[in-house]
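Every chain is numbered from 1, with letters handed out A, B, ... down the list of sequences.
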Amino acid sequence: MPVTITIIYNRLFDTYGPQGWWPLLEHDGSNPTRTGDIGGYHPENYRLPETQRQQFEICIGAILTQNTAWMNVEKALHNLDNINAISAERLLELSDDTLKDAIKPSGYFNMKAKKLQGFATFWLELGQRTPKRDELLAVWGIGPETADCMRLYAWQEPDFVIDAYTRRILEHLRCIPADADYDETRAFCVDGLEPTVPVYQECHALFVEHAKRHYARRPLADPLLG
DNA sequence: AACCAGGACGTGA
DNA sequence: TCACGTCATGGT
């Protein structure tokens, strides 16, 4: 009996419950918010984002979190918020040095400053429209995962997100071959899973939560070793 | 104190 | 196509 994505999803959801992604700096507090080291989650509220500001925040967060711990991204987002730069117009008004300084905690600040400026320009050209996946991929600095994150969380389009954690888990469970690429991994996830935005959002977030707990690359420091 | 984090791009073979 | 180097800060 092969392990299907449905079985995995149901077990993860039973274990961890709704994750409330994508985390936002601020949102309607009437909905339950996960407390802990990192705020901003909004379990069971699938109506976010409700403003263009939140939509833009998700997009730049998706860029800033490339190969970077979310905690560091949060610092960068707070810095940008403090200079009122969570908006395409304001972000483009910043000098390179000001922008780099604000996002420094998220690492790769030279690259990411360029990526944010490129995306902000694209955002303004886009207007109110929902970007197609290919349009996002054509923007320098936006690859498959970032594009899917933007569409799934910022624009509520049912694009399944594959990240390193998802690959690691599915490979370990022998659901996909070791050399599976993005699209092959995505095909496994999409096949059999209810193609709705809430399910896709939760599934991605649940993979991350599960991997953080059980798929660390190396064991955590053991006090026995001094 | 090394190891790695919610990737993407440029390069050479 | 593809394997590999580069980008960089901060938590554990």
Side-chain angles (χ1 to χ4, degrees), chain A residues 12 16 18-25 34 36-43 57-80 96-97 99-119 122 133-154 159-171 177-186 189 200-226:
Chain A
L12 288 176
Y16 303 118
Q19 298 300 297
W21 280 39
W22 188 277
L24 292 163
L25 289 176
R34 186 162 83 182
D37 54 340
I38 301 173
Y41 296 90
H42 43 84
E57 178 190 327
I58 291 169
C59 290
I60 61 178
I63 291 173
L64 292 174
T65 198
Q66 290 172 357
N67 201 38
T68 300
W70 182 256
M71 195 169 297
N72 291 347
V73 176
E74 254 203 351
K75 299 177 194 299
L77 288 173
H78 274 115
N79 289 343
L80 289 173
D96 287 8
D97 286 343
L99 177 57
K100 289 176 183 177
D101 191 54
I103 68 174
K104 188 167 312 226
S106 71
Y108 308 108
F109 54 85
N110 289 305
M111 307 281 282
K112 285 177 178 175
K114 200 176 302 178
K115 292 179 183 183
L116 291 182
Q117 289 166 336
F119 174 76
F122 170 79
R133 190 170 190 265
D134 286 343
E135 293 182 286
L136 288 170
L137 291 176
V139 178
W140 186 86
I142 300 182
E145 181 181 342
T146 307
D148 288 334
C149 280
M150 288 183 179
R151 278 174 52 84
L152 179 60
Y153 293 103
D159 281 8
F160 198 94
V161 178
I162 302 298
D163 58 21
Y165 285 147
T166 303
R167 278 213 190 87
R168 203 179 302 167
I169 293 171
L170 293 179
E171 184 183 322
D179 62 347
D181 63 9
Y182 193 94
D183 290 329
E184 189 174 359
T185 308
R186 205 160 181 255
C189 293
Y200 280 12
Q201 290 183 344
E202 292 296 356
C203 193
H204 168 226
L206 286 163
F207 271 129
V208 174
E209 179 64 21
H210 185 60
K212 279 178 174 172
R213 294 174 187 245
H214 301 292
Y215 283 76
R217 284 195 174 281
R218 301 213 170 280
L220 298 174
D222 189 328
L224 289 178
L225 297 178

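If you measure from atom CZ of Arg213(A) to atom C1' of dA5(B), you get 17 Å, rounded to the nearest angstrom. Between the CD atom of Gln66(A) and the P atom of dG10(C) there is a distance of 18 Å, rounded to whole Å. Distance Leu137(A) CG to dC9(B) C1': 13 Å, rounded to the nearest Å. Rounded to whole Å, the distance from CD on Glu74(A) to P on dG11(C) is 12 Å. Counting to the nearest Å, the C1' atom of dG10(B) and the OH atom of Tyr108(A) are 15 Å from each other. Distance CG (Asp163(A)) to P (dA8(B)): 10 Å, rounded to an integer number of Å. Atom NZ of Lys75(A) is separated from atom P of dG6(B) by 14 Å (rounded to the nearest Å).
Here Trp70(A) packs flat against the base of dG6(B); its ring centre is closer than 5.5 angstrom to the base's six-membered ring, tilted by less than 30 degrees.
Closest to the Thr65(A) side chain, of the nucleotides dG6(B), dA5(B), dC9(B), is dG6(B). When distances run from any side-chain atom of Pro105(A) to the nucleotides dG10(C), dG6(B), dT12(C), the shortest one goes to dG10(C). Side chain of Tyr41(A), nearest nucleotide from dG6(B), dG10(B), dA8(C): dG6(B). In this structure, of dG11(C), dG7(B), dA8(C), it is dA8(C) that holds the atom nearest to the side chain of Met111(A). The side chain of Arg168(A) lies closest to dA5(B) when the candidates are dA8(B), dA5(B), dT9(C). The side chain of Asn72(A) lies closest to dG10(C), out of dG7(B), dG10(C), dG6(B).
Distance check on atom C1': dT9(C) versus dA1(B) gives 16 Å, rounded to whole Å. If you take atom C1' in dT6(C) and the same atom in dC4(B), they sit 16 Å apart, rounded to whole Å. Distance noted for atom P between dA8(C) and dT11(B): 16 Å (whole Å).
The shortest heavy-atom contact between Asn79(A) and Pro105(A) is ND2-CG, 3.7 Å.
In terms of phosphate contacts, Trp140(A) brings a side-chain nitrogen or oxygen within less than 4.0 Å of OP1 or OP2 of dG10(B). Taking 4.0 angstrom as the limit, Asn110(A) places a side-chain polar atom (N or O) nearer than this to OP1 or OP2 of dA8(C). Dashed line: the shortest gap from a side-chain N or O of Thr146(A) to OP1 or OP2 of dA8(B) is under 4.0 Å.
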